[in-house]
Amino acid sequence: MSDEEGDHDVPRLRLNLYIETLKARMPAAQYTLLMDIIRMWAEHGGGTIRVRMDDDEKELFTTEVKREMLTLMGLIGALEPGHEDRADHVVADLGDGEHTSGALTLVPADVAADPERLRAMREQLDARAGRRDSDTAEVEAIARASGMLPDSET
């Protein structure tokens, strides 16, 4: 095997080692939930996915599990040639906004160390969440008015 082929394997080896480490240190139920979400995310090509969870799953999906999910996403992203640097990204806490709480993101280390950039990211995320909440409420109101949803109790 040439050095170039060996370099190509490093991101995959790093991902596999990280997954094995997670499996060894996480409670089995959390590990299974995390891997199910990662599989679903990967099968849908990455990006944003919506996951419905029952109460037990919501309890298992702690902030630490969310952090690990983002780390895995970075390691998976590093498998793409030319994006190996994604493996070195870190999880940053964006904090709370008007429409979001406990927001986390995966960013390069220099971004994570810049409070102004993180604040701008939180504001952008919060604005999108506000628009999404507004759009959802409008669609539900239309569906309710057309008889597609029962009237909400007020």
Side-chain angles (χ1 to χ4, degrees), residues 11-80 83-145 148-154:
R12 184 161 306 282
L13 292 171
R14 188 173 180 179
L15 172 63
N16 290 340
L17 178 61
Y18 197 83
I19 289 171
E20 288 302 314
T21 302
L22 284 176
K23 188 175 185 178
R25 69 179 173 82
M26 287 183 89
Q30 283 184 316
Y31 175 80
T32 299
L33 176 64
L34 173 59
M35 296 315 291
D36 287 347
I37 292 170
I38 288 293
R39 238 178 257 105
M40 186 185 327
W41 173 77
E43 287 171 358
H44 287 89
T48 302
I49 61 169
R50 294 185 75 92
V51 178
R52 294 191 194 276
M53 294 184 195
D54 62 28
D55 290 339
D56 291 338
E57 290 170 327
K58 288 177 185 176
E59 190 174 318
L60 292 171
F61 199 59
T62 63
T63 300
E64 185 57 31
V65 173
K66 293 173 189 176
R67 288 179 169 282
E68 296 298 357
M69 179 184 71
L70 289 169
T71 300
L72 283 172
M73 289 174 170
L75 291 169
I76 292 168
L79 297 175
E80 186 177 331
H83 296 283
E84 293 83 2
D85 63 323
R86 291 181 183 173
D88 297 322
H89 287 189
V90 297
V91 177
D93 184 351
L94 296 181
D96 299 337
E98 184 178 341
H99 302 282
T100 58
S101 65
L104 301 170
T105 191
L106 192 65
V107 295
D110 63 317
V111 174
D114 186 339
E116 284 303 308
R117 288 175 77 180
L118 294 177
R119 182 192 53 73
M121 290 174 78
R122 182 187 62 242
E123 288 174 358
Q124 184 180 37
L125 177 68
D126 199 52
R128 280 195 312 257
R131 285 191 301 273
R132 188 171 41 248
D133 290 349
S134 176
D135 291 347
T136 299
E138 187 173 336
V139 168
E140 287 176 358
I142 292 168
R144 201 170 283 104
M148 295 174 69
L149 291 177
D151 288 333
S152 63
E153 295 179 21
T154 51

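For this chain, numbers begin at 1 and follow the sequence in order. These numbers come from the heavy atoms of this one structure, side chains and all, not from hydrogens, waters or symmetry mates.
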Notebook entry, point to check: So how far is it from Leu17 CG to Glu20 CD, rounded to the nearest 0.5 Å?
Noted result: 8.0 Å
Notebook entry, point to check: Distance from Lys58 atom NZ to Asp56 atom CG, nearest 0.5 Å?
Noted result: 11.0 Å
Checklist line | Lys/Arg N to Asp/Glu carboxylate O, Arg119 vs Glu123, below 4.0 Å | finding: yes
Notebook entry, point to check: Would you say Trp41 and Leu72 make side-chain contact, with heavy atoms under 4.5 Å?
Noted result: no
Note to self: Rounded at 0.5 Å granularity, tell me how far CG in Leu70 sits from CG in Leu75.
What the structure shows: 11.0 Å
Quiz: residues 91-112 side-chain donor-acceptor pairs under 3.5 angstrom, not counting sequence neighbours:
| from | atom 1 | to | atom 2 | distance (Å) |
| --- | --- | --- | --- | --- |
| Asp93 | OD1 | Gly95 | N | 2.8 |
| Asp96 | OD1 | Gly102 | N | 2.6 |
| Thr100 | OG1 | Asp126 | OD1 | 3.2 |

Check: Above 12 or not: heavy atoms from other molecules or residues under 6.0 Å from CG of Asp55?
Finding: no
Notebook entry, point to check: Atom CZ in Arg14, atom CD in Glu84: separation rounded to 0.5 Å?
Noted result: 11.0 Å
Margin query: Nearest 0.5 Å, please: how far is CD in Glu68 from OG1 in Thr62?
Written below: 9.0 Å
Next item on the list: Using a 4.5 Å cut-off on heavy atoms from C-beta on, say whether the side chain of Met148 contacts that of Val139.
Entry: no
Note to self: Measuring only between side-chain heavy atoms, which start at C-beta, is Arg86 closer than 4.5 Å to Glu80?
What the structure shows: yes
Note to self: Walk me through whether Gln30 and Leu34 qualify under side chain to side chain contact (heavy atoms under 4.5 Å, CB included).
What the structure shows: CA-CA 6 Å; Gln30 283 184 316; Leu34 173 59; over 6 Å; no
Next item on the list: For residues Phe61 and Ile37, determine if any side-chain heavy atom of one lies less than 4.5 Å from a side-chain heavy atom of the other.
Entry: yes
Notebook entry, point to check: Going through the checks in order, is the salt bridge (charged side-chain N to carboxylate O under 4.0 Å, His left out) test met by Arg132 and Asp135?
Noted result: CA-CA 5 Å; Arg132 188 171 41 248; Asp135 291 347; over 6 Å; no
Next item on the list: Kindly say whether Gly130 contributes a backbone atom to a donor-acceptor pair with the side chain of Ser134 at under 3.5 angstrom?
Entry: no
Check: In Å and rounded to the nearest 0.5 Å, what is the CD to CG distance from Glu138 to Asp133?
Finding: 13.0 Å
Item checked: N/O donor-acceptor pair under 3.5 Å between Gln124 side chain and Met121 backbone -> no
Item checked: Side-chain touch Leu125/Arg122, heavy atoms, less than 4.5 angstrom -> no
